[in-house]
Amino acid sequence: MKDKFENYILAIESSCDETSVAVLKNGQELLTNVIATQIASHKRFGGVVPEIASRHHTEQITYCIDAALDEAGIPLEELSAVAVTEGPGLVGALLVGMTAAKAFAWAHELPLIGVNHMAGHLMAANLPDSGGPIEYPALSLLVSGGHTELVYVAKEGEYKKIGETRDDAVGEAYDKVGRVMGLTYPSGKAIDQMAHEGKDVYNFPRAMIKEPGYEFSFSGLKSAFINLVHNAEQKSEVLKKRDLATSFQAAVLDILLAKTKSALAEFPEIKTLVVAGGVAANKGLRERLAEEITDIKVIIPPLRLCGDNAGMISSAAYAEYKAKSFVKLDENAYPSMAFDTIK
Ligand code: KG4
Ligand code: ZN
């Protein structure tokens, strides 16, 4: 018989290039977090090809659901709800996860929870594996391939974006300069490694660093980097990749740290800083945060919860589950879903 004190949420993530299914017990214990990555298929194109992503999700989704249920060891009748990423992301990719989640919810008569992907990245920090729970009010620096934003979280589920990038996301900038350096996609991790071996000799621009407010801009930095490399090529000069990586990463980190610190100064009531998203895997960023932000709790999820995964979606879904905030079976995907549209 179903133990009413236990709840299990099955969560599905398919917004970009990972098909993932997780099962979360009582909002705390991640029983499984199956991730099928498509990186090998997109690598040769230097980025994610939306049509290919959708096709892979379609192939993988039922296997991932089966594998997650199997690994969690939970019979279907024990599940309490199904959660799914409804945006932001690639529309075709999102629709695969949403269609699977809706069909699963309908077939097993379970409530359906719609989750904002970025709320998922943020709520990965609430899991015990990350060092959670988050103490509120919190500030979140969300840095991924598609997003760079600072979010004020007054309490669980109440998000207010206070600033974001005007142009490229920070992960996107890493991937674009990586391409110019001849690295394969995604190149954030490789640049991070090289950045630890070189010197900051190029003094790249730190855009908007002194301007008030919390807007970011990385396109000028990216262009400065690309121009430097192209000019050197024309003169047959050889630049040291390690110094390029160190100089690029130093500029990125200076900007991220400066904006985060000025938000913390403006909102002294903040109790936790959450740094999440794929770029939160960056070692240099982790080191600088540890050195420079010492007076409040800083949560950076472990590497396996930084990249896209359904575990983070299940954690955000748990807040909705407690609030009985469910969506209907005719719910749509929202490719440009904003933070401020969720309550
Ligand atoms: O959150 P994520 O897995 O997918 C999106 O929702 O975008 O983030 C992927 C991004 C890629 O741009 C990748 O290059 C970057 O995260 N990334 C890193 C590192 N590891 C992954 N960027 C900098 N340093 C890293 N160590
Ligand atoms: Zn993401």
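Atoms within a ligand are numbered from 1 in the order they appear, just like the ligands themselves.
- Atom OD1 is the N/O/S atom of D308 found closest to the Zn ion (ligand 2).
- A donor-acceptor contact closer than 3.5 angstrom links the side chains of H56 and S41.
- In terms of polar-atom proximity, defined here as any N/O pair under 3.5 Å, Y174 makes no such contact with ligand 1.
- Nearest non-hydrogen protein atom to atom 15 (C) of ligand 1 is V279 CG2, 3.9 Å.
- An N or O contact shorter than 3.5 Å links D192 to ligand 1 by distance.
- More than 12 non-hydrogen atoms from other residues, nucleotides or ligands lie less than 6.0 angstrom from CZ of F267.
- Side-chain contact annotation: Y174 with N282, donor-acceptor N/O pair under 3.5 Å present.
- The six-membered or imidazole ring of Y185 lies away from that of F45, with a centre-to-centre distance of 6.0 Å or more.
- Checking C16 against the Zn ion (ligand 2), every N/O/S atom stays at or beyond the 2.8 Å cut-off.
- Judged by distance alone, the side chains of E71 and T32 do bring a donor and an acceptor atom under 3.5 Å apart.
- Annotation: G307 places no N or O atom under 3.5 Å from an N or O atom of ligand 1; distance criterion only.
- Checked options D254, D192, L244, D200; the residue passing with Q249 is D192 (criterion: side chain to side chain contact (heavy atoms under 4.5 Å, CB included)).
- Using a cut-off of 2.8 Å, one finds that H117 contributes an N/O/S atom close to the Zn ion (ligand 2).
- Environment of CZ in R206: crowded, with over 12 heavy atoms of neighbouring residues, nucleotides or ligands closer than 6.0 Å.
- E237 CD: more than 12 foreign heavy atoms inside a 6.0 Å radius.
- Of the protein's heavy atoms, G188 CA, 3.6 Å lies nearest to atom 18 (C) of ligand 1.
- Looking only at heavy atoms of the protein, atom 2 (P) of ligand 1 is closest to D308 OD1, 3.6 Å.
- Considering both main-chain and side-chain atoms, G145 comes within under 3.5 Å of ligand 1 through a nitrogen or oxygen pair.
- Under a 4.0 angstrom heavy-atom cut-off, G146 registers as being in contact with ligand 1.
- When only non-hydrogen protein atoms are considered, atom 21 (C) of ligand 1 lies nearest to G278 O, 3.5 Å.
- The proximity of N282 to ligand 1, defined as any non-hydrogen pair under 4.0 Å, involves the side chain as well as the backbone.
- Residue-ligand proximity, D175 to ligand 1, at heavy-atom distances under 4.0 Å covers atoms 11 (C), 12 (O), 13 (C), 14 (O).
- Judged by the shortest distance from any of its heavy atoms, H117 lies inside the 4.0 Å radius around the atoms of ligand 1.
- When each of E164, E149, R166 is checked for a side chain to side chain contact (heavy atoms under 4.5 Å, CB included) with E215, only R166 meets the rule.
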List the steps, then state whether side chain to side chain donor-acceptor pair (under 3.5 Å) holds for H117 with D308. CA-CA 9 Å; H117 179 81; D308 291 346; 3.1 Å; yes
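- At least one heavy atom of H121 sits closer than 4.0 Å to an atom of ligand 1.
- In terms of polar-atom proximity, G277 is not counted as a contact of ligand 1, lacking any N or O under 3.5 Å from an N or O of the ligand.
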